[in-house]
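Heads up: the structure comes next, in structure tokens.
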Amino acid sequence: MLTIGVDIGGTSVRAGVVDNRGTILDTARVGTPSGADALNDAIVSVIGSLSARHQVTAVGLAVAGFVATDLKTVMFAPHLAWRRAAVAERISAKIDLPVVLEHDANAAALAEYRYGAARGAKVAVLIAIGTGIGAGLLLNGKIFRGAHGVAPELGHLRIVPNGRPCSCGKAGCWERYCSGTALSATAIELLSGHPGQSTVLAREAAGDARSITGRKVAGAARDGDPVALRAMAELARWLGEGLALVADIYDPEVVVIAGGVSESAPLFLDDAREIYRDTVTGAGYRPLARIRTAQLGDDAGLVGAATLARDVLNGRH
Ligand SMILES: [Zn+2]
């Protein structure tokens, strides 16, 4: 039984045919258009190109946004055109296959539980660290969505009172201190507080501070740039503190660190683990969650959405 998973991101729509072992057999991709109708059409076209080549039975869409508990309606997606949109119904009518929707971090968490770093864990949390933080929680292999479909929004836990302003309207959110964006903000703060530094990052920032992306900070840290290493140490600190909060709430068996920033895990994860170990309530007297990096990379959302579509068809979830 084959299903299609579609990962709908702000820049591209990626689809794949997935088998019951989580293997991707074929893929298709288009750029993400800006209007709601054009987006629906783009999704229908990538699904159509794959279903013409394979016998598929259902489709799952992984969406960076809030999905209603019926798994058919997108309530709000900050980087996409949908607002209270009956997406599953519209796509399903055009492709003649059942369609389910899932939050992209939930989908990624499901994939890591079935096929990756959280395999078999009774309580598993996925923290996807990219531009912001996306999070998913699996209890005994089932996605926990909360009463209204929006849990868990861990990236917007307030970790620093009166801290950096966040696009959500609050200030001091975890993702303002622990993300690619945060790496960039911390590096720029460090440079502006100590002018006259002669590091690679300082020379770049002298041209245009906005050119200091999280990716550049990570690259400079790998090269031993002292400012970049301090920014990375700050990220490790806030990751560790946040993990301690997550452990206090969920007492997970495994926490999977995913997302683009996780590619730089050797630069921060051991430090974060240490801070987590020292900060969690009952430190030294309780079993600790295993903190692991994701195994499925960019494909996790797509594979998880395809897996969920199969589960729903089989009466699971
Ligand atoms: Zn926020």
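Here, residue 1 is the first one in the sequence, and each next residue gets the next number.
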Worksheet entry | Atom CD of Glu189: over 12 foreign heavy atoms under 6.0 Å | yes
Item to complete: Verify, without hydrogens or angle tests, whether Asp271 (side chain) and Ala236 (backbone) share a donor-acceptor contact under 3.5 angstrom.
Response: no
Fill in: Candidate pair Leu39 and Thr32, rule side chain to side chain contact (heavy atoms under 4.5 Å, CB included), full reasoning
CA-CA 7 Å; Leu39 180 54; Thr32 305; 3.9 Å; yes
Discussion item. Checking side-chain contact (heavy atoms from CB on, under 4.5 Å) between Val99 and each of Val6, Ile4, Ile47, Leu61, which is the one that passes?
Written reply: Leu61
Practice prompt. Any chance you could measure Leu101, atom CG, to Leu308, atom CG, to the nearest 0.5 Å?
Written response: 9.5 Å
Fill in: N/O donor-acceptor pair under 3.5 Å between Asp70 side chain and Lys72 backbone
yes
Worksheet item: How close do Pro252 and Ala289 get, heavy atom to heavy atom, and via which atoms?
Response: O-CB, 3.2 Å
Worksheet item: Same cluster for Leu288 and Leu243 if Ile/Leu/Val/Met/Phe/Trp/Tyr side chains link at under 4.5 Å?
Response: yes
Fill in: Ile212 backbone acceptor or donor facing Arg215 side chain under 3.5 Å
no
Practice prompt. Start with the C-alpha distance between Asp208 and Arg210, add both sets of side-chain angles, then the distance that settles salt bridge (Lys or Arg N to Asp or Glu O under 4.0 Å), and finish with yes or no.
Written response: CA-CA 5 Å; Asp208 178 6; Arg210 283 168 305 178; 3.4 Å; yes
Item to complete: Heavy atoms only: give me the nearest Leu191-Ala205 pair and the separation to one decimal.
Response: CD1-CB, 3.6 Å
Worksheet entry | Joint cluster assignment, Val56 & Ile95, ILVMFWY side-chain distance < 4.5 Å | yes
Fill in: CG-NZ distance between Asp251 and Lys122, expressed to the nearest 0.5 angstrom
10.0 Å
Item to complete: Determine whether Leu239 and Leu269 make a side-chain contact, defined as any pair of heavy atoms from C-beta on separated by less than 4.5 Å.
Response: yes
Worksheet item: Is the backbone of Thr131 close enough, under 3.5 Å, to the side chain of Thr181 for a donor and an acceptor to pair up by distance?
Response: yes
Practice prompt. Quick one: pull up CD in Gln295 and CG in Asp299 and give me the separation to the nearest 0.5 Å.
Written response: 13.0 Å
Worksheet item: Considering all heavy atoms of both residues, which atom of Val30 and which atom of Ser45 are nearest to each other, and what is their separation?
Response: CG1-OG, 4.5 Å
Discussion item. Using modelled atom types and a 3.5 Å cut-off, is there a donor and acceptor pairing between side-chain atoms of Ser92 and backbone atoms of Leu97?
Written reply: yes
Discussion item. Quick check for you: to the nearest 0.5 Å, what is the distance between Asp311 atom CG and Asn20 atom CG?
Written reply: 11.0 Å
Do any side-chain atoms of residues 134-143 form donor-acceptor pairs under 3.5 angstrom with protein atoms, and if so which ones, sequence neighbours left out?
none

Worksheet item: What closest approach, in Å, do Gly214 and Ser184 show between heavy atoms, and which atom pair accounts for it?
Response: N-CB, 3.8 Å
Fill in: Straight-line distance of Lys170 NZ to Arg176 CZ, nearest 0.5 Å
12.0 Å
Worksheet entry | Asp298 vs Arg14 side-chain heavy atoms within contact, under 4.5 Å | yes
Discussion item. Is there a path of hydrophobic side-chain contacts, each under 4.5 Å between heavy atoms, that joins Val256 and Tyr276?
Written reply: no
Fill in: Separation between CD1 of Ile129 and CH2 of Trp174, rounded to the nearest 0.5 Å
6.5 Å
Worksheet item: Leu267 and Leu235: same hydrophobic cluster, using ILVMFWY side-chain contacts below 4.5 Å?
Response: yes
Worksheet item: Can you check side chain to side chain contact (heavy atoms under 4.5 Å, CB included) on Tyr113 and Arg119, steps first, answer last?
Response: CA-CA 4 Å; Tyr113 172 82; Arg119 201 178 298 201; over 6 Å; no
Worksheet, complete the sentence: Here the pair of heavy atoms bringing Val217 nearest to Ala231 is CG1-CB, 4.0 Å
Worksheet item: Hydrophobic clusters join Ile, Leu, Val, Met, Phe, Trp and Tyr when side-chain heavy atoms are under 4.5 Å apart, directly or via other members; which others share one with Tyr115?
Response: Val18, Ile24, Leu296, Leu302, Val303
Discussion item. Are Val125 and Leu154 packed together at the side-chain level, in the sense that at least one heavy-atom pair is separated by less than 4.5 angstrom?
Written reply: yes
Fill in: Residues Glu112, Val254; criterion side chain to side chain contact (heavy atoms under 4.5 Å, CB included); working and verdict
CA-CA 11 Å; Glu112 292 288 346; Val254 174; over 6 Å; no
Item to complete: Could you list the residues that satisfy side chain to side chain donor-acceptor pair (under 3.5 Å) with Arg292, not counting sequence neighbours?
Response: none
Worksheet item: Are any side-chain N or O atoms of Asp26 and backbone N or O atoms of Val17, one a donor and one an acceptor, separated by less than 3.5 Å?
Response: no
Practice prompt. Using atom types as modelled and distance alone, determine if a side-chain donor or acceptor of Ser179 lies under 3.5 Å from a backbone N or O of Ala182.
Written response: yes
Practice prompt. Side-chain contact test, heavy atoms from C-beta onward, threshold under 4.5 Å: evaluate it for Leu183 versus Phe268 and give yes or no.
Written response: no
Fill in: Close side-chain approach of Glu274 and Asp278, heavy atoms under 4.5 Å
yes
Discussion item. Counting C-beta onward and ignoring hydrogens, is there a side-chain heavy-atom pair between Arg310 and Arg316 closer than 4.5 Å?
Written reply: no
Worksheet item: Going by the ring-ring contact (aromatic ring centres under 6.0 Å, His included) test, which pairs reach into residues 9-57, not counting sequence neighbours?
Response: none
Worksheet entry | salt bridge (Lys or Arg N to Asp or Glu O under 4.0 Å) between Asp248 and Arg286, intermediate numbers included | CA-CA 11 Å; Asp248 282 342; Arg286 62 183 275 179; 3.2 Å; yes
Worksheet item: Any donor and acceptor pair, going by atom type alone, linking the side chain of Ser192 with main-chain N or O of Ile188 inside 3.5 Å?
Response: yes
Worksheet entry | Verdict with reasoning, Val46 to Arg29, per side chain to side chain contact (heavy atoms under 4.5 Å, CB included) | CA-CA 6 Å; Val46 289; Arg29 170 200 288 257; 5.8 Å; no
Worksheet item: Using a side-chain heavy atom cutoff under 4.5 Å and only I, L, V, M, F, W and Y, what cluster partners does Met1 have?
Response: Leu313
Practice prompt. Could you pull out all residues at least two apart from Glu241 that satisfy side-chain contact (heavy atoms from CB on, under 4.5 Å)?
Written response: Ile159, Arg237, Trp238, Ile275, Thr279
Worksheet item: What are the two closest non-hydrogen atoms of Asn40 and Ile91, and how far apart are they?
Response: O-CD1, 3.8 Å
Discussion item. With clusters defined by side-chain heavy atoms of hydrophobic residues (ILVMFWY) lying less than 4.5 Å apart, directly or transitively, does Val246 cluster with Ile257?
Written reply: yes
Worksheet item: Between Thr186 and Arg164, is any side-chain donor less than 3.5 angstrom from a side-chain acceptor?
Response: yes
